[in-house]
Amino acid sequence: MALKNGLTLNHGWWKPDHQLPETGDEAWQRALRDLSKPLYCVQADGRLAVSQDGTAFLGPADVSDPLPYPLAGWAPAFSLTELGDKGFKADHGLKLAYICGAMANGITSTAMVEAAGKAGMIGFFGAGGLSIDQVEAAIHTLQNRRDPIPYGFNLIHSPNDMALEQRVVDLYINRGVHLVSASAYMDITLPLAAYRVHGIHRGHDGQIVCPNRIIAKISREEVARKFFSPPPEKFLKILVEQGNITTHQAELARQIPMAQDMTAEADSGGHTDNRPALCLFPTLLAIRDEMADKFGYGMLLRVGIAGGIATPESAAAAFAMGAAWILTGSVNQSCVEADTSPQVKKMLADARQADITMAPAADMFEMGVKVQVLKRGTLFSLRGAKLYEIYRNYDRFSDVPENQRKVVEETVLKCGFEEEWENTRNFFMHRDPSQVERAEKDPKHKMALVFRSYLGQAAIWAKKGLPDRVIDYQIWCGPAMGAFNEWVRGSYLEAPQNRTVVGVGLNLLHGAAVMGRLNTLRHQGAQIPEFPNLLAPVPEDEIRRLVPAI
């Protein structure tokens with residue numbers, strides 16, 4: 001339908017109440033960012049204009065004078081609480097579909113978990129690598145708050161120390177930790193199955209109630225199928241024989257998945273298979289549907305995304321693909337609540353996407369498993385790779401050529417091999433004496449334990465910020481860190497001392513919502529121009545002004 005001014009009617013009409021529509025970059029950016037009100041894109045004097053006032057009419061309308069404005073696009077008011085899966089948020093007591101992932105050695109600290117929980121997000125305490133006493137102290141801190149918050153704890157697979165994994169599970173069960181992030185698992189283990197089915201029963205409404213929940217971090221299809229399947233039958237039989245569950249509970253366990261919730265862990269810091277999120281996530285969605293159809297659970301299976309979530313665009317892409325939640329890791333490590341050294345936070349804040357690499361993992365060294373770490377400013381990855389090469393090629397340290405032994409002792413261990421063995425031996429006599437017994441019979445295992453000691457301590461040196469070991473720092477980091485630093489350059493979040501986990505999270509979510517609003521208009525045919533500073537980070541109080549109900 002042609003109008004008097006020569007423009008063409010698009011979707012309907014708009015009439016102002018108190019303010020006429022505005023043009024110009026400033027008006028557009030203000031309207032796109034302010035999610036508390038609807039946005040109307042209209043044709044005015046041959047240009048696209050914007051307003052958050054007035055009334056829109058879809059389809060034909062009364063065009064009597066004064067002539068209303070043709071409506072080129074419309075977006076409703078929006079709250080960040082609408083992002084992600086409603087069921088996931090309801091089940092875990094969240095306002096926001098946002099997880100602060102567990103970073104080992106307590107780097108995801110109780111302070112970080114508390115900050116996230118108070119903001120309606122959820123954080124997982126980084127229990128990996130800590131002693132049982134340290135983990136128990138963290139449980140005490142989080143469970144004895146005056147105002148309860150949602151929280152979870154990490155449960156990392158320990159293939160070389162299954163006794164430790166069992167002790168951690170026993171601690172979680174005894175202390176009533178009902179939500180864990182299961183990471184680095186290649187298969188279901190007996191302790192993990194025992195945790196999942198502990199206390200399973202039928203509620204008053206006849207539905208199966210499973211008090212302990214698992215959010216699995218997965219990057220391989222075959223592992224995803226195992227977590228979306230019921231607990232393995234062989235483990236249910238063992239648990240019945242041990243008296244840990246009844247035959248009735250075993251029957252109930254056959255009707256639930258090991259994990260209702262699964263995070264697609266794409267290219268990330270720490271343990272990673274370097275999977276591209278655009279490939280991994282759709283595959284896990286297909287597996288979700290396959291397993292839901294196969295087993296007919298009385299619950300919906302859900303999938304979120306982690307790895308590379310560091311900018312509003314990546315967060316928006318995740319939600320656009322159907323992510324039930326997003327999980328951040330690397331970017332939180334540079335925040336003030338992270339329990340790591342100021343030196344590490346500064347190194348992370350200077351990182352670019354090319355400043356990362358893979359290095360041998362301390363906990364799965366003999367298996368050749370690698371973790372993704374920061375390369376810039378350290379030699380850890382090179383030294384770790386050299387240690388693994390020596391371990392692979394020689395059966396005992398004395399077989400290593402003298403020149404290579406000298407390099408290892410003088411530059412890596414900074415002491416003689418046997419001296420370092422005594423330190424390692426003392427550690428394992430307290431942690432797991434069976435490892436010492438095996439090492440004293442098997443010189444290759446002895447060499448592995450010494451090398452693993454260096455790899456493990458490198459993360460501790462970084463956390464403590466030991467100045468004489470900077471070159472050996474092990475800093476878990478994915479490409480997300482570089483992307484984040486580029487996004488926040490020139491903003492208040494550029495300086496590490498200004499980075500709070502809630503400020504980072506709210507900016508990512510708000511930016512994702514703004515991107516969604518912009519794309520909504522463009523999908524309606526409105527030719528909205530690019531605004532270079534549209535997604536620039538803003539202080540937390542400003543976001544709360546622009547976003548309703550958070």
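By convention here, the first residue in the shown sequence is residue 1. Computed from a predicted model, the values in this text were never measured in an experiment.
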**Prompt:** Can you pull the salt bridge (charged side-chain N to carboxylate O under 4.0 Å, His left out) pairs that have at least one residue in residues 177-189, sequence neighbours excluded?
**Reply:**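 Checked against salt bridge (charged side-chain N to carboxylate O under 4.0 Å, His left out) - neighbours excluded - the pairs reaching residues 177-189 are Asp187-Lys226.
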
**Within residues 104-128 or reaching into it, pairs that qualify as salt bridge (charged side-chain N to carboxylate O under 4.0 Å, His left out) - sequence neighbours excluded** =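 Listed by first then second residue: Glu114-Arg145.
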
Donor-acceptor side-chain pairing of [X] and [Y] below 3.5 angstrom:
{"X": "Ser219", "Y": "Asp273", "value": "yes"}
{"X": "Asp363", "Y": "His157", "value": "no"}
{"X": "Glu22", "Y": "Ser51", "value": "no"}
{"X": "Tyr151", "Y": "Gln143", "value": "yes"}
{"X": "Ser131", "Y": "Gln134", "value": "yes"}
{"X": "Thr328", "Y": "Tyr98", "value": "yes"}
{"X": "Gln457", "Y": "Ser453", "value": "yes"}
{"X": "Gln474", "Y": "Trp476", "value": "yes"}
{"X": "His523", "Y": "Asn519", "value": "no"}

**Asked** When rounded to the nearest 0.5 angstrom, what distance separates CD1 in Ile326 from CD1 in Ile305?
**Response**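 These two atoms lie 9.0 Å from each other.
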
**Prompt:** Say you draw a straight line from CD1 of Ile475 to CE of Met103; how long is it, rounded to the nearest 0.5 Å?
**Reply:**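 Between Ile475 CD1 and Met103 CE, I get 12.5 Å after rounding to 0.5 Å.
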
Going by heavy atoms in the side chains, are [X] and [Y] under 4.5 Å from each other?
{"X": "Asn332", "Y": "Met112", "value": "yes"}
{"X": "Asp261", "Y": "Arg302", "value": "yes"}
{"X": "Ile214", "Y": "Leu192", "value": "yes"}
{"X": "Leu518", "Y": "Leu534", "value": "yes"}

With sequence neighbours excluded, residues passing side chain to side chain donor-acceptor pair (under 3.5 Å) with [X]:
{"X": "Tyr172", "result": "none"}
{"X": "Arg489", "result": "Glu486"}
{"X": "Asn154", "result": "Ser183"}

**Request:** Check the pair Phe451, Tyr391 against ring pair (Phe, Tyr, Trp, His ring centres under 6.0 Å), reporting the backbone distance first and the verdict last.
**Result:** CA-CA 8 Å; Phe451 291 172; Tyr391 170 78; 7.4 Å; no

**Message:** Can a donor-acceptor pair be found, under 3.5 Å and without considering hydrogens, that links the side chain of Thr263 to the backbone of Glu265?
**Reply:**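 Checked: no pair found.
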
**Prompt:** Looking only at atom types and distance, does a side-chain atom of Glu410 sit under 3.5 Å from a main-chain N or O of Val407, one as donor and one as acceptor?
**Reply:**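 Here the side-chain-to-backbone pair does not exist.
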
**Message:** Suppose the criterion is ring-ring contact (aromatic ring centres under 6.0 Å, His included): which pairs have a residue in residues 302-352, not counting sequence neighbours?
**Reply:**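 ring-ring contact (aromatic ring centres under 6.0 Å, His included) check on residues 302-352 returns Phe88-Trp325.
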
**Request:** Please assess Glu221 against Arg225 for the test salt bridge (charged side-chain N to carboxylate O under 4.0 Å, His left out), listing each intermediate value before the final yes or no.
**Result:** CA-CA 6 Å; Glu221 300 95 309; Arg225 286 189 170 86; over 6 Å; no

**Message:** Under the criterion ring pair (Phe, Tyr, Trp, His ring centres under 6.0 Å), I'd like the reasoning laid out for Tyr388 against Phe365: C-alpha separation, chi angles, the key distance, then a yes or no.
**Reply:** CA-CA 8 Å; Tyr388 182 71; Phe365 177 76; 5.5 Å; yes

**Intermediate values then yes/no, side-chain hydrogen bond (donor to acceptor under 3.5 Å, both in side chains), Ser341 and Tyr473** = CA-CA 11 Å; Ser341 64; Tyr473 282 2; 5.1 Å; no

**Request:** Would you mind telling me which of His510, Gln29, Glu313 makes a side chain to side chain contact (heavy atoms under 4.5 Å, CB included) with Leu535?
**Result:**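 When His510, Gln29, Glu313 are each tested with Leu535, the side chain to side chain contact (heavy atoms under 4.5 Å, CB included) holds only for Glu313.
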
**Request:** Give the intermediate values and the outcome of salt bridge (charged side-chain N to carboxylate O under 4.0 Å, His left out) for residues Asp267 and Arg275.
**Result:** CA-CA 5 Å; Asp267 195 6; Arg275 296 285 194 266; over 6 Å; no

**Message:** Testing Lys346, Lys345, Arg499 one by one against Ser334 for a side-chain hydrogen bond (donor to acceptor under 3.5 Å, both in side chains), which residue passes?
**Reply:**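 When side-chain hydrogen bond (donor to acceptor under 3.5 Å, both in side chains) is applied between Ser334 and each of Lys346, Lys345, Arg499, only Arg499 qualifies.
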
